[in-house]
Amino acid sequence: MSKMTVMVFDDVDDELIENIKALAQSASHIEDIEPSSVSVTFGNYEINFGWRKIFCGGTEIPLTRIEFELLTYFVHNPNRVLTYNQIYERIWKDVPYGEVRKLIFYHIGNLRNKLKGAPFIIRCYREAGYCFEVHTE
């Protein structure tokens with residue numbers, strides 16, 4: 001469950017405010033991921049993180065910014081169920097409020113349609129989130 005705290009300060013040193021912000025950010029439950037500048041390959045699919053592009057058999061598959069960031073987040077967290085809140089915080093860089101599941105469902109649906117036939121799947125875990133799984137045959 002998310003919590004929000006609002007603090008109002010009068011005549012406070014800027015350094016103190018920056019320290020408070022840094023402390024609040026360090027308390028986040030989201031792990032910071034540094035995207036690699038290299039490519040990863042799954043069958044005939046190549047994801048180039050430096051170029052922010054994905055190719056299938058050498059042909060680029062156009063993805064929106066949100067779709068590419070979702071894919072990147074999943075690829076860097078294989079076989080791990082990412083909760084709806086984790087996904088929202090990472091991709092939209094905001095605290096989840098309201099019903100974020102429908103928004104995430106919409107974008108993941110578009111991503112799945114564009115990546116049909118890929119040797120990996122973004123599996124839904126009802127009431128929990130999504131998981132990136134690579135097919136091993």
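What you see is a predicted model, and the numbers here were worked out from it, not measured in a lab. Residue numbers run from 1 in the order of the sequence given.
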Please list, chain by chain and in numerical order, all residues satisfying side-chain hydrogen bond (donor to acceptor under 3.5 Å, both in side chains) with Glu60, sequence neighbours excluded.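 Testing Glu60 for side-chain hydrogen bond (donor to acceptor under 3.5 Å, both in side chains), a comparison that skips the adjacent residues, returns none.
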Rounded distance [0.5 Å steps], [atom1] in [X] versus [atom2] in [Y]:
X	Y	atom1	atom2	answer
Phe68	Ile47	CZ	CD1	7.0 Å
Leu71	Ile54	CG	CD1	5.0 Å
Arg52	Phe49	CZ	CZ	10.5 Å
Ile87	Leu82	CD1	CG	5.5 Å

For residues Leu63 and Lys114, report the shortest heavy-atom separation together with the two atoms involved.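 Nearest pair, atom of Leu63 first, then Lys114: CD2-CD, 3.7 Å.
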Could you tell me which non-hydrogen atom of Gly43 sits nearest to which non-hydrogen atom of Pro119, and how far apart they are? N-CG, 3.9 Å
Can you find a heavy atom in the side chain of Arg90 that is under 4.5 Å from one in the side chain of Glu69? no
Given side chains that start at C-beta, do those of Tyr130 and Leu70 come closer than 4.5 Å, heavy atoms only? no
Between Ile121 and Phe42, is there a shared hydrophobic cluster once you connect ILVMFWY residues whose side-chain heavy atoms come closer than 4.5 Å? no
Just list the side-chain donor-acceptor pairs under 3.5 Å for residues 100-113, sequence neighbours left out, or say none.
from: Arg101; atom 1: NH1; to: Glu127; atom 2: OE1; distance (Å): 3.1
from: Arg112; atom 1: NE; to: Ile122; atom 2: O; distance (Å): 3.0
from: Arg112; atom 1: NH2; to: Ile122; atom 2: O; distance (Å): 2.4
from: Asn113; atom 1: ND2; to: Gly109; atom 2: O; distance (Å): 3.3

Classify the ring geometry between [X] and [Y] as parallel (under 30°), tilted (30 to 60°) or perpendicular (over 60°).
X	Y	value
Phe132	Phe74	parallel
Phe120	Tyr45	perpendicular
Phe55	Trp51	perpendicular

Dump the intermediate steps for side chain to side chain contact (heavy atoms under 4.5 Å, CB included) on Glu89 and Asp94, then the final yes or no. CA-CA 5 Å; Glu89 287 179 17; Asp94 198 3; over 6 Å; no
Side-chain heavy atoms under 4.5 Å apart, restricted to Ile/Leu/Val/Met/Phe/Trp/Tyr: what other residues fall into the cluster of Tyr125, or is it alone? Val81
Between Glu46 and Lys53, is a salt bridge (charged side-chain N to carboxylate O under 4.0 Å, His left out) present by the stated rule, with each step listed? CA-CA 8 Å; Glu46 177 190 359; Lys53 294 183 178 189; over 6 Å; no
